[in-house]
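Quick notes on the structure that follows.
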Amino acid sequence: MSATSNAPSGTSAAAALDHAVIREAARWLVRLHSGEAGPEDHAALQRWRQERAEHELAWQRAERLSERFGALPPMLGVPVLTRATGLNRRALMKTLAALGVTVPVAWLAYRYGPVLAAGAGDYRSAVGEHREVILADGSQVQLNTATTLDVRYSDDSRLMRLRDGEIYVSTAPDTATRARPFLIDTAAGRMRALGTRFVVRQFDDSEGTTSLDVLEHRVEVTLRSGGARRIVDAGQSIRFSADGFKATPAGQRTAGAVVGPPAWTHGALEADNMRLDAFLAELSRYRPGIVRCDPAVAGLRVSGVFQLADTDHVLAVVGQTLPVRIVRRTGYWVTVTAAAS
């Protein structure tokens, strides 16, 4: 989606709009998508748009967001208009009630909550779930399986804290009057995006290890203990704990290369000559329960692209292509052992 603004001359596309204007634009959007709007409604909307520059800006936002969420039922797309004004979910539900829109609150919060991120919030994905969060400045964050993310935007910074899991970030230019740094905090340190796309993962280990893969431009890393810093360029990967940088993982990308989004954003797990124990550890992130690997077969190698929608099928493929046996104690306890001779 283009970042070019169609706002009236002299008006910032990121300007704060009065809540009443936003609600009025929402009402017009609902009316035009009701199936009952006639020529007089279109003419009245045109007059309303011409009354004030704020009206035109609100309507342009409505049109852009309607295009972005065009696959949604029109009235359910209305709430995304509020993300630029900072309305919280309670205020959103009041607005919907005023519009006569009735939807299950729990469903709305689950499906549209990430889209309404106005600069603050806690976002979570369940095991095996993939979610997308669109922040108030237009930055996009995708949450991988079992991820917990806090978002705190202020006048001084755009700050996120990754507590668990993995995120893919595509930053947008700051829309505030004063440019604010885009920061990611983990247990190991702080990352400052320098206009970029990158992947951050918080490992569940004793050292609180964080991994960073920079796909475009650069990211500055500052360790939590001691404050040591390092710039990571596009195409590079790094791991670090609070008190030190670690050896770059094998298979580091070529410096300067622009790499596409990680496979998990497309619901897949990629393996390139990966050890079986490492592959199963990755697969286990996307399913409940435990997947164990017998040390006797841990060194077998796996290559391919595997769809994560059905992890049981992935295990079956492993059992069919490698000399291993899939032993299931229960649906939540799986052990991969050597095939019977």
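Scope of the values below: all heavy atoms of this structure, side chains included, with no hydrogens, waters or symmetry mates.
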Notebook entry, point to check: Is the backbone N or O of Asp233 less than 3.5 Å from a side-chain atom of Gln236, with the two atoms forming a donor-acceptor pair by type?
Noted result: yes
Note to self: Test of understanding: with salt bridge (Lys or Arg N to Asp or Glu O under 4.0 Å), list the residues that count as partners of Arg163, not counting sequence neighbours.
What the structure shows: Asp150
Notebook entry, point to check: Salt-bridged, Glu220 to Arg230, with N to O below 4.0 Å?
Noted result: no
Notebook entry, point to check: Within the distance-only criterion (no hydrogens, no angle test), does the side chain of Arg197 pair as donor or acceptor with the backbone N or O of Val169 below 3.5 angstrom?
Noted result: no
Side chains of residues 322-336: which donor-acceptor pairs under 3.5 Å do they make with residues two or more places apart or in other chains?
{"from": "Arg328", "atom 1": "NH1", "to": "Asp312", "atom 2": "OD1", "distance (Å)": "3.2"}
{"from": "Thr330", "atom 1": "OG1", "to": "Tyr332", "atom 2": "N", "distance (Å)": "3.0"}
{"from": "Thr330", "atom 1": "OG1", "to": "Trp333", "atom 2": "N", "distance (Å)": "3.3"}

Notebook entry, point to check: Quick check: does any side chain N or O of Arg158 sit under 3.5 Å from a backbone N or O of Arg180, one acting as donor and the other as acceptor?
Noted result: yes
Checklist line | For Ser157, side-chain contact (heavy atoms from CB on, under 4.5 Å) partners two or more places apart | finding: Ser154, Leu159, Pro181, Leu183
Checklist line | Separation of Glu282 CD from Thr145 OG1 (nearest 0.5 Å) | finding: 10.5 Å
Note to self: When you compare the side chains of Lys246 and Ser241, does any donor N or O come within less than 3.5 Å of an acceptor on the partner?
What the structure shows: no
Note to self: Parallel, tilted or perpendicular: which one describes the rings of Phe198 and Phe182, with boundaries at 30° and 60°?
What the structure shows: perpendicular
Name each donor-acceptor pair under 3.5 Å that joins a side chain in residues 293-305 to protein atoms two or more places apart or in another chain, with its distance.
{"from": "Asp294", "atom 1": "OD1", "to": "Ala296", "atom 2": "N", "distance (Å)": "2.9"}
{"from": "Arg301", "atom 1": "NH1", "to": "Asn273", "atom 2": "O", "distance (Å)": "3.0"}
{"from": "Ser303", "atom 1": "OG", "to": "Asn273", "atom 2": "N", "distance (Å)": "2.8"}

Check: For the residue pair Thr147 and Glu166, what are the closest heavy atoms and their distance?
Finding: OG1-N, 2.9 Å
Note to self: Taking side-chain contact (heavy atoms from CB on, under 4.5 Å) as the definition, give me every residue that meets it alongside Leu194, ordered by chain and number, with sequence neighbours left out.
What the structure shows: Arg192, Arg218, Ile231
Item checked: Lys/Arg-Asp/Glu bridge criterion (N-O < 4.0 Å) met for Arg285, Glu129 -> no
Next item on the list: For Phe279, enumerate each residue passing the ring pair (Phe, Tyr, Trp, His ring centres under 6.0 Å) test, keeping only those at least two apart in sequence or located in another chain.
Entry: Phe306
